[in-house]
Novice: 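Right, I'll just put the structure down here and ask away after.
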Amino acid sequence: MPRPKSDIEAGREHLIDLVIALIDERGSTALTVAEVAARANMSPANLYRYFDSKEALIEAVAGRWFQPKLDIMEQVVASDLPPRRKMFEFFARRFALMKAEWEEDPVAFALHVELGKEHFELIRSYVDLGDHYLAEIIGEAMGEGFFSGLSVDEALSLVNQMVSVYVNIAAMEMIMPRLSTDKLARIVDAVFDGLSAQDRGAKAVSGLRAA
C-alpha cells in the first residue's frame, strides 16, 4: 500500500495538475506564479510554500512528463534482453508512449514541446540520463563484439544521430505520421550490422566525377 501523501506533497501534485491544465489551454509563455496561485485559490506567498520559484514548479511539471519515460529506460536497461533487442526497446517503448500522447492531443503535445524548448536547462538532466543509459547498452554490445574500433562516446554520438527523430521531441513532432517502430527496428538492425570505425569507401571519396 502506498504511503499517504503529506499535505505539502499533495499540494505540490495539485499545483502540477493546475499548471499542466493551464499549459494545455494556451501554452506556457504567459504563465506566471500569480496566475497559478489564482487558479489554485491561494496567494502567491502561499504557493511558495510548495515551490520556491517558478523554475522549480516548471521542473516539477517536466518531472511528471518525463517520469514514465525514465521508468521505461530503467526497466529496459535492467532487463536480460540481448543488446540489439535492448537498444530497440529502449527507443521504441518511449517512442510508442510519446506517439500515443501526440495522437491523444497534438496541440497539447506541441505546447509541452514549446515548454521544453523554453526551459531546456531545466530538463537537460533527463537528456543526460538517457545518454547514460544508452551508453550502458552500447557497452554491453561492445562486450559482444559490436561497434569495433569505436569508443563508447563515439558510438553514442553516432547512434543518437541515427535515431534522432525518435528521441528529439521537436523533430519527432514534425514528421510523427511517418515514424513507426517497424522503421526504428530496421534502423537499429542497421546500427548493429554495420556501425564500426572501418572505412568501407565513403570517406575515401575525394571529389565528385562525372560518370
Novice: For Phe51, check ring pair (Phe, Tyr, Trp, His ring centres under 6.0 Å) against everything at least two apart and list the hits.
Specialist: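 With neighbours one apart ignored, the set is empty.
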Novice: Over all heavy atoms of both residues, which pair between Ala37 and Leu47 is shortest? Give the atoms and the distance, please.
Specialist: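 Looking at all heavy atoms of both residues, the shortest contact is N-CD1, 3.7 Å.
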Novice: Looking only at non-hydrogen atoms, find the nearest pair between Leu111 and Ile23 and report the distance.
Specialist: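 Smallest interatomic distance, heavy atoms only, reads CD1-O, 2.9 Å.
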Novice: Can you run down the side-chain hydrogen bond (donor to acceptor under 3.5 Å, both in side chains) pairs that involve residues 163-184, sequence neighbours left out, and say none if there aren't any?
Specialist: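 Pairs touching residues 163-184 that pass the test: none.
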Novice: Listed by chain and number, what are the side chain to side chain contact (heavy atoms under 4.5 Å, CB included) partners of Asp52, not counting sequence neighbours?
Specialist: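 Only Ala56 meet the side chain to side chain contact (heavy atoms under 4.5 Å, CB included) criterion with Asp52.
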Novice: Check Tyr126 against Gly63 and note the closest heavy-atom contact, atom names and distance.
Specialist: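 Scanning both residues, the minimum pair turns out to be OH-CA, 3.1 Å.
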Novice: Quick one: ring pair (Phe, Tyr, Trp, His ring centres under 6.0 Å) partners of Tyr50, sequence neighbours excluded?
Specialist: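 Tyr50 satisfies ring pair (Phe, Tyr, Trp, His ring centres under 6.0 Å) with no residue once adjacent residues are dropped.
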Novice: So, using side-chain hydrogen bond (donor to acceptor under 3.5 Å, both in side chains) as the criterion, who are the partners of Arg93 when residues are at least two apart?
Specialist: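 By the side-chain hydrogen bond (donor to acceptor under 3.5 Å, both in side chains) rule, Arg93 matches Glu89.
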Novice: Please identify each residue that fulfils side-chain hydrogen bond (donor to acceptor under 3.5 Å, both in side chains) with Ser43, with sequence neighbours left out.
Specialist: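 Ser43 satisfies side-chain hydrogen bond (donor to acceptor under 3.5 Å, both in side chains) with no residue once adjacent residues are dropped.
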Novice: If the condition is side-chain hydrogen bond (donor to acceptor under 3.5 Å, both in side chains), which residues does Asp131 pass it with, not counting sequence neighbours?
Specialist: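 If we apply the side-chain hydrogen bond (donor to acceptor under 3.5 Å, both in side chains) test to Asp131, skipping adjacent residues, the hits are Asn160.
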Novice: Decide yes or no on side-chain contact (heavy atoms from CB on, under 4.5 Å) for Met172 and Phe95, but give the supporting numbers first.
Specialist: CA-CA 9 Å; Met172 181 192 305; Phe95 165 68; 4.1 Å; yes
Novice: Quick one: are Val113 and Phe109 in side-chain contact, heavy atoms under 4.5 Å?
Specialist: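 In short, these two side chains touch, coming nearer than 4.5 Å.
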Novice: Is Val76 close to Phe91 at the side-chain level, that is, under 4.5 Å between some pair of heavy atoms?
Specialist: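 A side-chain contact is absent here, since even the closest heavy-atom pair is not under 4.5 Å.
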Novice: Give every residue pair that meets the side-chain hydrogen bond (donor to acceptor under 3.5 Å, both in side chains) criterion with at least one member in residues 137-149, sequence neighbours excluded.
Specialist: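 Qualifying pairs, neighbours excluded: Lys86-Glu140.
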Novice: Sequence neighbours left out, what pairs pass salt bridge (Lys or Arg N to Asp or Glu O under 4.0 Å) with at least one residue falling in residues 61-80?
Specialist: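 Sorted result for residues 61-80: Glu13-Arg64, Asp17-Arg64, Lys69-Glu101.
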Novice: Would you compute the distance between atom CD of Glu59 and atom OG of Ser53 and round it to the nearest 0.5 angstrom?
Specialist: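 Reported value, rounded in 0.5 Å steps: 8.5 Å.
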Novice: Decide yes or no for Met87 and Ile138: does some side-chain heavy atom of the first lie under 4.5 Å from some side-chain heavy atom of the second?
Specialist: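 Contact flag for Met87/Ile138 side chains = yes.
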Novice: Indicate if Leu81 and Ile187 have the same hydrophobic cluster label, given that clusters are the connected sets of ILVMFWY residues with side-chain heavy-atom separations under 4.5 angstrom.
Specialist: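 Shared cluster, no.
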Novice: If you define the side chain from C-beta out and look only at heavy atoms, does anything of Glu154 sit under 4.5 Å from Phe147?
Specialist: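 In short, these two side chains do not touch, never coming nearer than 4.5 Å.
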Novice: Can you give me the closest heavy-atom contact between Pro44 and Val33, atom names plus distance?
Specialist: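 Distance-wise, the nearest heavy atoms are CB-CG1, 4.3 Å.
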Novice: About how many Å separate CG of Leu134 and CG of Leu129, when rounded to the nearest 0.5 Å?
Specialist: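 These two atoms lie 11.5 Å from each other.
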Novice: Indicate the atoms forming the closest heavy-atom contact of Ile137 with Pro83, along with that distance.
Specialist: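 The pair with the smallest heavy-atom distance is CG2-O, 3.8 Å.
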Novice: Under the ring pair (Phe, Tyr, Trp, His ring centres under 6.0 Å) rule, collect the residues that match up with Phe90, sequence neighbours excluded.
Specialist: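 Residues passing ring pair (Phe, Tyr, Trp, His ring centres under 6.0 Å) with Phe90: none at all.
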Novice: How about Ile175 and Leu179: do any of their side-chain heavy atoms sit closer than 4.5 Å?
Specialist: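 Yes, at least one pair of side-chain atoms sits under 4.5 Å.
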Novice: Within a strict 4.5 Å, meaning less than it, do heavy atoms of the Lys54 and Leu57 side chains meet?
Specialist: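 Side-chain contact under 4.5 Å: no.
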Novice: Any side-chain hydrogen bond (donor to acceptor under 3.5 Å, both in side chains) pairs touching residues 184-196, not counting sequence neighbours?
Specialist: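 Only Arg84-Asp189, Arg84-Asp193, Ser196-Arg200 qualify under side-chain hydrogen bond (donor to acceptor under 3.5 Å, both in side chains).
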Novice: Over all heavy atoms of both residues, which pair between Leu156 and Ala135 is shortest? Give the atoms and the distance, please.
Specialist: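 Heavy atoms only, the tightest pair is CD1-N, 4.2 Å.
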Novice: Let's go through Met98 and Trp65 carefully: what are the C-alpha distance in whole Å and the side-chain angles of both, what is the deciding distance for side-chain contact (heavy atoms from CB on, under 4.5 Å) to 0.1 Å, and is it a yes or a no?
Specialist: CA-CA 10 Å; Met98 288 186 281; Trp65 195 85; 3.8 Å; yes
Novice: When hydrophobic residues are tied together by side-chain contacts of less than 4.5 Å, even through go-betweens, does Val191 share a cluster with Val77?
Specialist: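 Yes, Val191 connects to Val77 through the hydrophobic network.
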Novice: Using side-chain hydrogen bond (donor to acceptor under 3.5 Å, both in side chains) as the criterion, list what pairs up with His14, not counting sequence neighbours.
Specialist: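 His14 satisfies side-chain hydrogen bond (donor to acceptor under 3.5 Å, both in side chains) with no other residue.
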